[in-house]
Amino acid sequence: MNPRPVAGSAPGRLPAAAPELSVRDVTVRFAGLTALDAVSFTVAPGSVHALIGPNGAGKSTCFNVLSGLYRPASGQVRLGDDVLTGLAPHRIAALGVARTFQNIVTTEGTVADNLMLGRHVLSRAGFAATALRLPGAVREQRAHLERAREIAELTGLGARFGSPVALLSYGDRKRVELARALCLEPRVLLLDEPVAGMNGAERLRMAEVVDAVRAQLGLSVLLVEHDMGLVMRLADEVTVLDFGRRIAHGTPEEVRRHPEVLRAYLGTPGEDTPAGEDTPAGEDALPDGPAPEAETAPSADASRAPDAGPPADAPRADTDPRADAPCDKDPA
């Protein structure tokens, strides 16, 4: 694998030709408990593909397999002609797969420092050359810094490039996470709950950034998100998981009306609704379309039960046989 230079900028890889990301019959087990059960889906080149489902459905476990943190018991993940299954995370990153995490990874240093971390995998200068500040290493460092500045501008962080991350707002910190992932020059970007904890204005801004990134860099995006308004607005295709199984796949409109999806999020008809009656539209219903620009639709997980249930990051209730299994939890 030989990274190609980014035109007019730092050494790296041009993400113009995003390959197909194929997940085939991936199964993950923890101590005999099945977190993913023969899950399959395909992320088309240049598309935004959403992976959704209630808490404990296996979404983050799937991300951990794709990024090399977990090894599946069976199944295969391919990026174009490259088999990712079993590769170490740094090798998967070098092939063009970058991810963000649900939680902010670091608030140390400036925005520039954080983005330069993402350029490390593309660096060609050795440790000695960098430490001695040899001319070639200095030129490369300058080129990487310029590319990081371009990505900061793309994600709306240009004016804060030299600011300490610790002094930024929560929404800006989440965009720093996104920008750092983009600094790897990925061909496929994995976004794990990119708007979690944001207010309406911050969510709208993040949606605009994701749209701009996909359009300008030509990469594919795999998105895990509980905000159904954001999913309906951004996604070209949606895959729905529940208890580790794929229960639906299609366009956002097709998935929104799928009976298995309604059962997973709202419960089967008859639990709270007399037989023969439809589940009433309202707060417990999946949204009819994109959320208004000023606000976002309620979290789909919050509507799973009438009392809103546990927070988005909490494990399922004790009725879930996988509640004690670390099947859907990201590392610190």
Side-chain angles (χ1 to χ4, degrees), residues 1-4 12-30 34-53 57-102 105 117-122 177-178 180-194 213-214 217-225 235-239 241 244-246 249 326-331:
M1 179 197 62
N2 295 312
R4 295 174 291 166
R13 206 175 18 252
L14 278 173
E20 180 179 88
L21 177 65
S22 175
V23 178
R24 289 290 171 264
D25 299 319
V26 168
T27 297
V28 176
R29 297 187 181 93
F30 297 107
T34 303
L36 290 177
D37 188 1
V39 169
S40 297
F41 61 87
T42 299
V43 180
S47 70
V48 175
H49 192 115
L51 187 64
I52 69 171
K59 305 180 297 295
S60 290
T61 297
C62 185
F63 260 35
N64 288 339
V65 170
L66 298 180
S67 56
L69 296 178
Y70 291 166
R71 292 194 177 189
S74 62
Q76 188 178 74
V77 179
R78 299 182 69 94
L79 180 64
D81 295 329
D82 296 309
V83 177
L84 304 186
T85 316
L87 294 182
H90 71 277
R91 294 189 61 191
I92 293 177
L95 287 172
V97 179
R99 75 169 288 183
T100 65
F101 290 85
Q102 293 177 14
V105 175
L117 288 175
R119 305 298 297 178
H120 175 73
V121 72
L122 304 176
E177 293 283 307
L178 170 60
R180 183 170 58 236
L182 291 175
C183 278
L184 273 75
E185 306 291 354
R187 297 182 291 173
V188 177
L189 179 63
L190 311 180
L191 299 180
D192 196 352
E193 299 190 27
V213 163
R214 191 257 292 257
L217 300 183
L219 45 71
S220 306
V221 178
L222 180 60
L223 170 74
V224 164
E225 187 50 64
D236 300 304
E237 290 185 289
V238 181
T239 296
L241 301 181
R245 296 180 300 108
R246 192 184 90 168
H249 173 82
C327 64
D328 211 8
K329 203 71 174 172
D330 284 319

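From a predicted model like this one, the values you see are computed outputs, not experimental measurements. What you see below is based on every heavy atom in this structure, not just the backbone, and it leaves out hydrogens, waters and symmetry mates.
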Contacts of type side-chain contact (heavy atoms from CB on, under 4.5 Å), residue [X], not counting sequence neighbours:
| X | answer |
| --- | --- |
| I92 | L84, L87, V97 |
| A44 | S47 |
| V26 | V23, V28, L36, V65, P72, V77 |
| R245 | D37, I247 |

**Request:** State yes or no: are the ring centers of F41 and H49 separated by less than 6.0 Å?
**Result:** yes

**Request:** Check whether any side-chain N or O of T239 sits under 3.5 Å from a backbone N or O of L51 as a donor-acceptor pair, and report yes or no.
**Result:** no

Of all the heavy-atom pairs spanning [X] and [Y], show the shortest one and how long it is.
| X | Y | value |
| --- | --- | --- |
| L219 | P186 | CD2-O, 3.7 Å |
| A57 | L241 | CB-O, 3.3 Å |
| F101 | L69 | CE2-CD1, 4.1 Å |

All side-chain hydrogen bond (donor to acceptor under 3.5 Å, both in side chains) counterparts of [X], not counting sequence neighbours:
| X | result |
| --- | --- |
| S22 | none |
| S220 | none |
| R24 | T42 |
| E177 | R180 |

**Prompt:** Excluding sequence neighbours, so at least two apart, what forms ring-ring contact (aromatic ring centres under 6.0 Å, His included) with H90?
**Reply:** none

Side chains of [X] and [Y], heavy atoms from C-beta outward: is any pair under 4.5 Å?
| X | Y | result |
| --- | --- | --- |
| R29 | T34 | yes |
| D25 | S74 | no |
| K59 | E225 | no |
| L178 | P194 | no |

**Message:** Would you compute the distance between atom CG of L95 and atom CZ of R187 and round it to the nearest 0.5 angstrom?
**Reply:** 6.5 Å

**Prompt:** Quick one: salt bridge (charged side-chain N to carboxylate O under 4.0 Å, His left out) partners of R246, sequence neighbours excluded?
**Reply:** none

**Prompt:** Excluding sequence neighbours, so at least two apart, what forms salt bridge (charged side-chain N to carboxylate O under 4.0 Å, His left out) with D236?
**Reply:** R214

